[in-house]
Amino acid sequence: MKIIKTIGILLIVVVAIVMIIMLILPAKQHIERTITINAPVAKVYQYLTSLENFNKWTVWGRNDSTLKNTITGTDGSLGAINAWSGDPELSGEGKIEVTSLEINKEIAHAITFLKPRQMNAHSEFDLEEINGHTRVRWQIDIATPRPRNILNLFSNMDKKMANDFALGLQ
């Protein structure tokens, strides 16, 4: 009887610890990389607003030969959407929508991953002109709502995607 009571108390303590960790951990993962490009900010901004260009320069678009993209709306403008589908192991299925454009300063996207796993993310490019060059900061916040955020302890998206971000920005 004492063993069952001890096991019960241990289980309650473990569950309490897991819940506290879940409440303390952020409900998102953040990835951010910066590069300086030898081009004026207006040229970089114009290039980055295009979803068609995004499909060409991101690593994800280059690694999946089955990837199909469909752009609706006016590419490069607010509300434009790129829906994609491809190999479930590489690209999956989802859409990216241009949600904010601040000329020569910022481009923001809402990203919805549908398959193989449903997730939402917010992506943003922040631009700053420095002596005729453009510093580009690319960041993405991937929602990991509670209680799923506990898995952030075991899966670091920054480490998984760091190389993809760096290659894309190159």
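In this chain, residues are counted from 1 in sequence order. Keep in mind that what you see is a predicted model, and the values were worked out from it rather than measured.
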Point to revise | Pair T66-D87, side-chain donor/acceptor within less than 3.5 Å | key: no
Practice item. Supply the atom-to-atom distance I140 CD1 to I111 CD1, rounded to the nearest 0.5 angstrom. Key: 4.0 Å
Check your understanding: Does one side chain, of H122 or D141, offer a donor that lies under 3.5 Å from an acceptor on the other?
Key -> no
Practice item. Answer yes or no: is there a side-chain heavy-atom contact under 4.5 Å between F54 and L48? Key: no
Review point. In Å, rounded to the nearest 0.5 Å, how long is the span from CD of Q46 to CD1 of I103?
Key: 9.5 Å
Review point. Hey, quick one: are I107 and I81 part of the same hydrophobic cluster, counting side-chain heavy atoms closer than 4.5 Å, chains of contacts allowed?
Key: no
**Study point:** Residue that, paired with V136, satisfies side-chain contact (heavy atoms from CB on, under 4.5 Å) out of I35, T36, D126, V41
**Key:** I35
Check your understanding: Which value, rounded to the nearest 0.5 Å, describes the distance between K95 atom NZ and I71 atom CD1?
Key -> 14.5 Å
Check your understanding: Is it the case that more than 12 heavy atoms not belonging to I3 sit under 6.0 Å from its CD1 atom?
Key -> no
Review point. Any chain of hydrophobic side-chain contacts (each under 4.5 Å) joining F113 to I96?
Key: yes
Point to revise | Pairwise side-chain contact, E52 with D75, heavy-atom cut-off 4.5 Å (strictly under) | key: yes
**Study point:** Heavy-atom check, side chain of E97 versus side chain of H109, under 4.5 Å
**Key:** no
Point to revise | Member of E32, E128, E106 meeting the side-chain contact (heavy atoms from CB on, under 4.5 Å) criterion with R137 | key: E32
Practice item. Assess the side chains of W138 and T34: does a donor N or O sit below 3.5 Å from an acceptor N or O? Key: no
Review point. Any chance CD1 of I4 has more than 12 other-residue heavy atoms, nucleotides or ligands included, within less than 6.0 Å?
Key: no
Exercise for review: Find the distance between CD (Q118) and CD (E93) and round it off to the nearest 0.5 Å.
Suggested key: 10.0 Å
Review point. At what distance, to the nearest 0.5 angstrom, does OG1 of T99 lie from CG of L78?
Key: 7.5 Å
Check your understanding: Of the non-hydrogen atoms in A39 and T134, which two are nearest, and what is the gap between them?
Key -> O-OG1, 2.7 Å
Review point. How many angstroms lie between atom CG of L67 and atom CG of N55, to the nearest 0.5 angstrom?
Key: 7.0 Å
Check your understanding: Side chains of V98 and T49: closer than 4.5 Å at any heavy-atom pair?
Key -> no
Point to revise | Flag, side chain of S50 to backbone of N53, donor-acceptor distance under 3.5 Å | key: yes
Study note, to complete from the structure: Between G92 and P116, the two heavy atoms sitting closest are CA-CD, 4.0 Å
Review point. Quick one: does L101's side chain get under 4.5 Å of Y45's, heavy atoms only?
Key: yes
